[in-house]
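Written below as structure tokens is the structure these notes are about.
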Amino acid sequence: PAVATPSPVSLTELPAQQPIEGLLDQAALDTVVSAAIERWAAVGASENQLAAMRAVHFTLADLGGLYLGKSEGDTVTIDDDAAGFTWFVDATLAEDGEYRDDGGRLIAVSGTSADGRVDLLTVILHELGHRIGLTDDYTPAADDVMAGTIQPGERRLPGTADLDAAGDAPVTGTAYALSPVSLGTL
């Protein structure tokens, strides 16, 4: 027998404090994009940088593999299912109550909807960073918003150091945000 697929839920349909359970649609994506731009503004992004971010067209697609997001030209494509990890789409985008500070990193509180899921806000903040000239950082110690690999259960936010390294010109070519690789038990 056919199994019915649940319909995506937009943030506007949710009561306060209730995150979406891994489902993603264009309306929810657009809401998180707006919140991400507000987060960049809050740390001091210039009007030119904010205009560049607002000019980006965000879409959803199955990117396959480990890809969470892909930035190319004026388009950012977000993977529809967070590379199989499922998305955490926060209904309280102006605060970080689902996370605890762990030595400068925000880690999901155990048992919350953010625990074990990829934070959509982090991926969008990362992809918007490419619009202001920030490149991916794949060094093992990378833990800022431009770290190229995003772990489930973590939130990364922009800071003034990111803006100090940024400009007004976007990264050229294609840039990605990746999920972690799991090798399982060897």
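Just so we're clear, the structure is a prediction, and the values are computed from it rather than from any experiment. Quick note: residue numbers are just sequence positions, from 1.
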Taking salt bridge (charged side-chain N to carboxylate O under 4.0 Å, His left out) as the cut-off, I'd like each qualifying pair that reaches into residues 26-39, sequence neighbours left out, listed once. R39-D96
d(I150 CD1, R155 CZ) to nearest 0.5 Å is 12.0 Å
Nearest heavy-atom pair of Y99 and G153: which atoms, and what distance? CE2-O, 4.0 Å
Which residues satisfy the ring pair (Phe, Tyr, Trp, His ring centres under 6.0 Å) test with Y67, sequence neighbours excluded? Y176
Report the distance from atom CG of L120 to atom CG of L29, rounding to the nearest 0.5 Å. 6.0 Å
So which atom in L134 and which in V171 form the shortest heavy-atom distance, rounded to 0.1 Å? O-CG2, 3.1 Å
By side-chain contact (heavy atoms from CB on, under 4.5 Å) - contacts of D102 (at least two apart): R100, I107
Shortest non-hydrogen pair, V76 vs I78, comes out as CG1-CD1, 3.9 Å
Taking the side chain as C-beta and beyond, is there a heavy-atom pair between L24 and D80 under 4.5 Å? no
According to side chain to side chain donor-acceptor pair (under 3.5 Å), does anything in residues 121-132 pair up with another residue at least two apart or in another chain? List the pairs. D74-R131, D119-T122, H126-H130, H126-D136, H130-D136
Is L157 close to L125 at the side-chain level, that is, under 4.5 Å between some pair of heavy atoms? yes
Let me have the donor-acceptor pairs involving side chains of residues 47-66, under 3.5 Å, with sequence neighbours excluded, atom names and distances please.
| residue | atom | partner | partner atom | Å |
| --- | --- | --- | --- | --- |
| Q49 | OE1 | S46 | N | 2.8 |
| Q49 | OE1 | S46 | OG | 3.4 |
| Q49 | NE2 | G167 | O | 3.0 |
| T59 | OG1 | T77 | OG1 | 3.3 |
| D62 | OD1 | G64 | N | 3.0 |

Keeping the roles fixed (side chain from T86, backbone from A82), state whether a donor-acceptor pair exists under 3.5 Å. no
Heavy-atom side-chain proximity of V43 to D162 below 4.5 angstrom: no
Checking T139 now: which residues fulfil side-chain contact (heavy atoms from CB on, under 4.5 Å) with it, not counting sequence neighbours? D137, A142
Check P152 against F85 and note the closest heavy-atom contact, atom names and distance. CG-CD2, 3.4 Å
Please check this pair: side chain of W87 against backbone of D79, looking for a donor-acceptor N/O pair closer than 3.5 Å. yes
Which heavy-atom pair separates I124 from A36 by the least distance, and what is that distance? CG2-CB, 3.6 Å
If you measure from CZ on R117 to CG on D90, what distance do you get to the nearest 0.5 Å? 12.0 Å
With rounding to the nearest 0.5 angstrom, report the CG to CZ distance, L121 to F88. 9.5 Å
Taking every non-hydrogen atom, the tightest pair across V89 and A28: CG1-CB, 4.5 Å
List in chain and number order the residues that pass side chain to side chain donor-acceptor pair (under 3.5 Å) with Q151, two or more places apart in sequence or in another chain; answer none if no residue qualifies. none
